[in-house]
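Start at 1 and go down the list; that is how both ligands and their atoms are numbered.
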Amino acid sequence: MSHAQSFIRAHLPVTPVPGIVDVHLHKAGPSSGVGRWAAEGPPPYWAFWWAGGLALAQHLQACPALVAGRRVLDLGAGSGLVAIVAARMGAAGVAASEVDAHGRAAIALNATLNGVILEDIVGDVMNAPSPAVDVILAGDLFYAPDVAARVVPFLDGCVASGIEVLVGDPGRSPLPRDRLTFLARYQVAETGAPKPAAVYAYRGAGPYPVA
Ligand SMILES: C[S@@+](CC[C@H](N)C(=O)[O-])C[C@H]1O[C@@H](n2cnc3c(N)ncnc32)[C@H](O)[C@@H]1O
């Protein structure tokens, strides 16, 4: 077990995920001390669940046929929540892409915790050709303009090569609305009181104003 995984197991309590049936994750609390990682590298987004991922996870539990028997990539996986639910819903194979190495350590722990096997846990795949999957799931990946500016052309290419893409998002400003078709809305408890977040089909091409 890596140093990061030992830290996560010791300091991030296993917590049930609100609204998601039978999934638990290591989640940071006030005394977890994950701020030390923010000082050294990217913010520890993986230590929390996010509204977009919660909506996508609820949608997969409501509509398992979206992933059952299909090869899935969770793009910007964070804690691995969406990948774990896709695996639970019978995906033929699930990979998780997370740019933060500490996040990849957390994803591996969280997968084991929930009794699922992820085929691959990888870093940034967005400079590579479209992956060999049937479905890409992007939970709360449009959280910053610079990230969205990379995600949009990558997903455009994936859709053009025949991959289905689903996006979960609470309505953040970099969301490329001109490329999305609304599918469903869920109440999600990211922090505190529940708030709405939506699931969309990502259609691809179209003018997108890069901020
Ligand atoms: C807001 S969090 C959402 C995490 C998770 N999908 C969820 O909904 O709970 C976005 C995640 O995307 C990751 N990320 C950002 N750019 C990425 C990239 N180029 N490749 C893979 N992951 C990336 C961040 O490190 C972060 O963990």
*Asks:* So if I count the atoms of ligand 1 from 1 in the order they appear, which ones are less than 4.0 Å from some heavy atom of L141?
*Replies:* 12 (O)
*Asks:* Taking atom CZ as the centre, does R70 end up with more than 12 heavy-atom neighbours from other residues, nucleotides or ligands that are less than 6.0 angstrom away?
*Replies:* yes
*Asks:* Non-hydrogen atoms of V82 versus ligand 1: any pair closer than 4.0 Å?
*Replies:* no
*Asks:* Does any part of the side chain of C158, heavy atoms only, come nearer than 4.5 Å to the side chain of Y202, both counted from C-beta?
*Replies:* no
*Asks:* Could you walk me through whether R71 and E164 pass salt bridge (charged side-chain N to carboxylate O under 4.0 Å, His left out), step by step?
*Replies:* CA-CA 11 Å; R71 298 165 300 164; E164 183 176 356; over 6 Å; no
*Asks:* What atoms of ligand 1 come closer than 4.0 angstrom to any heavy atom of G78?
*Replies:* 4 (C), 27 (O)
*Asks:* What do you reckon, does V99 have a nitrogen or oxygen under 3.5 Å from a nitrogen or oxygen of ligand 1?
*Replies:* yes
*Asks:* For E98, is at least one N or O under 3.5 Å away from an N or O on ligand 1?
*Replies:* yes
*Asks:* Could you tell me if any non-hydrogen atom of G103 lies under 4.0 Å from any atom of ligand 1?
*Replies:* no
*Asks:* Out of G76, G53, A55, who gets a non-hydrogen atom closest to atom 4 (C) of ligand 1?
*Replies:* G76
*Asks:* Can you list the atoms of ligand 1 that are under 4.0 Å from a heavy atom of R150?
*Replies:* 19 (N)
*Asks:* Taking the six-membered ring of F7, is the NZ or CZ of R36 close enough (under 6.0 Å from the centre) and on axis enough (within 45°)?
*Replies:* yes
*Asks:* Compare all side-chain heavy atoms of I163 with those of P131 and state whether any distance is below 4.5 angstrom.
*Replies:* yes
*Asks:* Which of the listed options, Y45, Y143, F142, holds the heavy atom that is closest to atom 15 (C) of ligand 1?
*Replies:* Y143
*Asks:* List the closest protein heavy-atom neighbour of atom 18 (C) of ligand 1: residue, atom name, distance to the nearest 0.1 Å.
*Replies:* M126 CE, 3.7 Å
*Asks:* Side chain or backbone, does D74 bring an N or O within less than 3.5 Å of an N or O on ligand 1?
*Replies:* no
*Asks:* Do P170 and V188 have side-chain heavy atoms sitting under 4.5 Å apart?
*Replies:* no
*Asks:* In the structure I gave you, are the side-chain heavy atoms of V116 and N110 within less than 4.5 Å of one another anywhere?
*Replies:* no
*Asks:* Verify the cluster assignment for V82 and L141: are they in a single hydrophobic cluster under the rule of side-chain heavy atoms below 4.5 Å apart?
*Replies:* no
*Asks:* Is V94 close to E119 at the side-chain level, that is, under 4.5 Å between some pair of heavy atoms?
*Replies:* no
*Asks:* What do you reckon, does A77 put a non-hydrogen atom under 4.0 Å from ligand 1?
*Replies:* yes
*Asks:* Between ligand 1 and D124, can you find any atom pair, the residue atom being a heavy atom, that is separated by under 4.0 Å?
*Replies:* yes
*Asks:* Just to verify, which of V199, V85, L54 counts as forming a side chain to side chain contact (heavy atoms under 4.5 Å, CB included) with H59?
*Replies:* V199
*Asks:* Does the N or O separation between G139 and ligand 1 drop below 3.5 Å for any pair?
*Replies:* yes
*Asks:* In the protein, what heavy atom is nearest to atom 1 (C) of ligand 1, and what distance, to one decimal place, separates them?
*Replies:* D140 O, 3.2 Å
*Asks:* Between W50, F48, F154, which one has a non-hydrogen atom sitting closest to atom 7 (C) of ligand 1?
*Replies:* W50
